[in-house]
2 protein chains.
Amino acid sequence: MARLPEYLRALHNLAEAGDDTVSSEGLAAAAGVNSAKLRKDLSHLGSYGTRGVGYDVALLIDQIEFTLGLTQRRAVALVGVGNLGHALAGYAGFASRGFRIAALFDADQARVGEPINGLNVRHISDLAVVAAAESIAIGVIATPAAAAQDVADALVAAGVTSILNFAPCVLSVPEGVDVRKVDLAVELQILSFHEHRKSSLTALPGGLSSPNGLAATGTEEAVGS
Amino acid sequence: MARLPEYLRALHNLAEAGDDTVSSEGLAAAAGVNSAKLRKDLSHLGSYGTRGVGYDVALLIDQIEFTLGLTQRRAVALVGVGNLGHALAGYAGFASRGFRIAALFDADQARVGEPINGLNVRHISDLAVVAAAESIAIGVIATPAAAAQDVADALVAAGVTSILNFAPCVLSVPEGVDVRKVDLAVELQILSFHEHRKSSLTALPGGLSSPNGLAATGTEEAVGS
DNA sequence: AGGCGCTTGTGAACCCGTGCACAAATCGCG
DNA sequence: CGCGATTTGTGCACGGGTTCACAAGCGCCT
Ligand SMILES: NC(=O)c1ccc[n+]([C@@H]2O[C@H](COP(=O)([O-])OP(=O)(O)OC[C@H]3O[C@@H](n4cnc5c(N)ncnc54)[C@H](O)[C@@H]3O)[C@@H](O)[C@H]2O)c1
Ligand SMILES: NC(=O)c1ccc[n+]([C@@H]2O[C@H](COP(=O)([O-])OP(=O)(O)OC[C@H]3O[C@@H](n4cnc5c(N)ncnc54)[C@H](O)[C@@H]3O)[C@@H](O)[C@H]2O)c1
């Protein structure tokens, strides 16, 4: 499930706080989900808590990390060392969550050779050999949208089977390759939609009729203090 | 629906390409979704295409932009001008998608006053007055996780009712405030899970038994060339 | 040792999103 | 003017995710 990383983060927080066991209720609150959902998710991966007491934090962390394939530190390639690429390359949060940025690539010769965070930017033409040498299976695209498809093709040709795409465009990849897209403008537009809905609602204080029957789903967070 | 922004982006691309009308099939392909789903989405917002011909691109853009509340250019506040915050502040994609970064905030006095992209960083204590003056309803949090809840509280107190959170933590906000979270490490971990699943599958070539019954949903992209 | 309270695991109902398939409608052309 | 090609809009069934609710199991305290 896509919620396992959230559980994992919450568990690490609990482990740092010194907790040894957690109840499903407590972990659900820390991860911001329903407790029944969490129990069902955890049961699906065969992890057994002990009734009456809860889950063993350290054991559960191991279970989830194994399920997510984080027992090995995975190497990722970052393509496009521009505005966003710099921030990503300098981000310490990846290393602490099971990943190692193994190589940086760019098409701009002026950027090639630039050292970032102890790593030198390499030219995109080196992608294939470096990916093979470092056994890179995950690629991150932080190039303009116009170049994203070409980069994706190059990544796939280099043996990458999972791609995280920051460019606002749809990628077409062969079967067996997974793509996840992160589009920040889309996130803001969804928030804007909520703003629009809210202001329409306050304009009609009785709430007689909502402006439409739409409901945005996804990464939504249920409110509540 | 959360897919409207995707449709909008695809429509803008089509408009730039000079197309006047689109079939649901064509737009669905450009947005990477099923055509029936797209038609149902569009029918939900009352937009009427003409049968036998398709949808009017310009009209549909207006319809979707109205539904998303993008008729007015919305002002957003960005809090935390660090590694990631710099990239966001310098990103041109927000302006072209209906948003205006109206103010930058940070707690670090060394950063206050720094000009970024024609905007000066202000101290977080100015948030309330600036938000009121600029009528800011959307806030972006790009601070460390430890500070995120405090920043969220300050944003809410300043009248912000929608928050985009980049810090890896759950925020608790009062009812009526919407929060969307973007966690890049989570995205990578989901990809890692897919990698793990794929490698387990190839290890058992017959595919007799999948390692578990999990299926990650969400921003997934259906493969296919 | 036995009972009691707490927590997990899960059965089942429910709800919603998804996709198929088709009727209705519109345009272009003869 | 009428017909066929094309495309929208939608009824309906299916599947999966979500939630409630409760039985089963475990530890602790007496
Ligand atoms: N900066 C942000 O905060 C932000 C936010 C959301 C989305 N994005 C998206 O992320 C992408 C990158 O944004 P940015 O602001 O970093 O842009 P940028 O122009 O600063 O950086 C793009 C980099 O990609 C490199 N590049 C171009 N073509 C390439 C190719 N074929 N192969 C390899 N490298 C290539 C360029 O040399 C440049 O260094 C864009 O698609 C943008 O829409 C950025
Ligand atoms: N850099 C990335 O690529 C990246 C990727 C994913 C997630 N993130 C997350 O984004 C957040 C920011 O990352 P970063 O790399 O930019 O960190 P950073 O340390 O470079 O920047 C954080 C900024 O927030 C400011 N800040 C701290 N406390 C504040 C407060 N109370 N009010 C206002 N400002 C405050 C700091 O002064 C600093 O300028 C982190 O939570 C990180 O986990 C970053």
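Just so it is clear: chains get the letters A, B, ... in the order the sequence lines come, proteins before strands, and each one is counted from 1.
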Original post:
Side chains of Thr71(A) and Glu65(A): donor-acceptor distance under 3.5 Å anywhere?
Top reply: no

**OP:** Say whether Tyr7(A) and Asp41(A), considering side chains only, have a donor N or O and an acceptor N or O under 3.5 Å apart.
**Re:** yes

Original post:
So, does the side chain of Lys40(B) form a donor-acceptor pair with the base of dG19(C) at under 3.5 Å?
Top reply: yes

Subject >> Residue whose closest nucleotide on DNA chain D lies nearer the 5' end, Asn34(A) versus Val53(A) >> reply: Asn34(A)

Original post:
Please give, in whole Å, the distance from dG19(C) C1' to Glu25(B) CD?
Top reply: 13 Å

Subject >> Between C1' of dG16(D) and CZ of Arg3(A), the distance in whole Å >> reply: 12 Å

**OP:** I would like to know whether Leu70(B) and Leu8(B) meet side-chain contact (heavy atoms from CB on, under 4.5 Å); could you show each step before the answer?
**Re:** CA-CA 11 Å; Leu70(B) 298 176; Leu8(B) 187 58; 3.9 Å; yes

**OP:** Using atom CG of Asp56(B) as one end and atom P of dT7(D) as the other, report the distance to the nearest whole Å.
**Re:** 16 Å

Original post:
Is the distance from OP1 or OP2 of dT8(D) to the nearest side-chain N or O of Ser24(B) less than 4.0 Å?
Top reply: yes

Original post:
Over how many whole Å does the gap from Met1(B) atom CE to dT18(C) atom C1' extend?
Top reply: 10 Å

**OP:** May I ask you to evaluate whether Tyr48(B) reaches the phosphate of dA24(C), defined as a side-chain N or O under 4.0 Å from OP1 or OP2?
**Re:** no

Subject >> Distance-only donor-acceptor test (3.5 Å): side chain Arg51(A), base dT7(C) >> reply: no

**OP:** Whole angstrom is fine here: how far is it from CG in Leu45(B) over to P in dT10(D)?
**Re:** 12 Å

Original post:
How long is the line joining NZ of Lys37(B) and C1' of dT10(D), in whole Å?
Top reply: 17 Å

Original post:
Do you know which of Thr161(A), Val179(A), Ile138(A) makes side-chain contact (heavy atoms from CB on, under 4.5 Å) with Leu191(B)?
Top reply: Ile138(A)

Subject >> Integer-rounded Å distance: dT8(D) P and Asp41(B) CG >> reply: 14 Å

**OP:** Compare all side-chain heavy atoms of Ile141(A) with those of Leu164(A) and state whether any distance is below 4.5 angstrom.
**Re:** no

**OP:** Identify, between Arg39(A) and Gly52(A), the residue whose nearest nucleotide on DNA chain D lies closer to the 5' end.
**Re:** Arg39(A)

**OP:** Rounded off to whole Å, could you give me the CG-to-P distance for the Asp20(A) and dT7(C) pair?
**Re:** 16 Å

